[in-house]
Amino acid sequence: MNQKFVTWISPLKLRGSDEVSNLYSIPENYESMRENISKVGIFTPLHVIEGVVVSGNLRLRIAKELGLKLVPVIFLPKQNISAKLMAVSYGQQRIKKYSEILKEYEILEAEYPVGKGCRTDLNPEMKKNAEKKKSLNISKSKIYKLKTIKALAKELYGEETNSLAEIWSQIDSEKTSLNSIEKGLKREKVIRENAINIPSEYELMTDRAKVYNKSCENMSELADNSIACIMTSPPYFGMRDYGTGKDQRGLERDINEYIKGLLNDFKDCSRVLKDDGSLWVNINEPVIDGEYYSISHQFAIAMRKEGWKLNDEIVWIKKNPVFTQAKRSVRSHEYIFHFVKSSKYSYDVSWLRGLTDPNDLISYGTSAKMSNLISGMDFRDTIIRTNGNNMNHLRKDCKEQGFNLTHSAGYPISIPLIAILTTSKVGDTILDIYSGTSTTGEAALRTKRKYVGYETKPEFVMASEVRLRKHLPEEILDAA
Ligand SMILES: C[S@@+](CC[C@H](N)C(=O)[O-])C[C@H]1O[C@@H](n2cnc3c(N)ncnc32)[C@H](O)[C@@H]1O
């Protein structure tokens, strides 16, 4: 048969291709295509090989539904390629969804496997494959992402068709980015793995470090006047759900409730803190519905009303802030409030004199170099500058212990080090009431203090243990 010419024949003499039907889904505009064809008929020829339509399956289906007498056809010679590949080669007209492009890509890959490092330009078959893949009009990185998503979904849901269909419909609708879908699946995977590997309660109890797995609201384990320094950072308002239920701070209905909850927690701090002790609170300012509400300052004022003396307000400047796009500057600072119970608080900055800095930027006293004070370990101009915290090491250590660390809201160790060195002595006990992964605990142990933490999430208590055990060599020997 001559492949150049259009022939008009009855659609009843043609068969649809199963390969094409399995590859592509019915498009959303099917009804409007049908209506259009009912008015003007079919002009674009269907491609047919041996009675089977390899391109134009939808039009054939509509022609049969509408009872059209004739459709235009170009007959193609039989080809020496698989039916699947034929479907990919000829099914070119429609706008394809991600799921369809991935299926096409996988067919091409299976038909023309290309080994790593192969010169596709030298081998004609591989060259064909490379060109076909190019014609799919999708970048390698997107294909890689789609494959990763497919593998993750399979790992999580196996043959659970409803969940898989839900994911592919999310992908194809393009309302959520591929990155977010991948992130969501990875999060789900981590949650499932942790549910197996993390017990519902976990505590760290050693001589020098204890982390209680409970809310800090009531610290009945601690004696009155037993703590020299409290350094802590509460969950910020409305930012993160740690998944620990009603006890967790930060998820209250409004700011007043949030501040009330914090004041309640800090009440017990007043009981356990020595009269000359210090409470340091790092608290950030979220944007809520496009506005700042000065939550950190509202909190500081409320603490004063509760009887705490506000001794200092330090600005922590992050040298590598997270870039945000809005009609305001990129926020790169947080506050650290230093509260005390009485004017007789203990305060020692002699440790600053011994500090050395390879860049010679630290000085003490009234040196002319004062304007250069930018080290994270100094704060006499009320500013601490540090990079954001990097949890990668701890994350890796936790993985090696068989669980995933999902936490990423810790502060860099310079922050608790400054508080501890300034307002406690060797042998004192340091407390963090929102302990997280116990950065404060590490600072305490490294400076020869003891540590107590309260934390509601068992995963973070386990991560605290991973972190703190390195600084408790004697306990490891005892346990052996
Ligand atoms: C901002 S993070 C603290 C991070 C910590 N500084 C670190 O280095 O990892 C706040 C922590 O408070 C915990 N938390 C929330 N509500 C709590 C409560 N009522 N009692 C104790 N911990 C709580 C959260 O689970 C979270 O780990």
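In each ligand, atom 1 is the first atom listed, and ligand 1 is the first ligand listed.
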Contacts of type side chain to side chain contact (heavy atoms under 4.5 Å, CB included), residue Glu166, not counting sequence neighbours: Gln170

Please indicate whether Lys103 has more than 12 foreign heavy atoms, meaning atoms of other residues, nucleotides or ligands, lying under 6.0 Å from its NZ. yes

Applying ring-ring contact (aromatic ring centres under 6.0 Å, His included), can you list everything that pairs with Tyr434, at least two apart in sequence or on another chain? none

Answer yes or no: is there a side-chain heavy-atom contact under 4.5 Å between Phe237 and Pro234? no

Under a 4.0 Å heavy-atom cut-off, what residues line ligand 1? Lys214, Ser215, Cys216, Ser233, Pro234, Pro235, Tyr242, Asp247, Gln248, Arg249, His407, Ala409, Gly410, Tyr411, Ile433, Tyr434, Ser435, Gly436, Thr437, Thr439, Tyr454, Glu455, Thr456, Phe460

Between Asn213 and Glu201, do the side chains contain an N or O donor and an N or O acceptor separated by less than 3.5 Å? no

Identify, with sequence neighbours excluded, every residue that meets ring-ring contact (aromatic ring centres under 6.0 Å, His included) alongside Tyr451. none

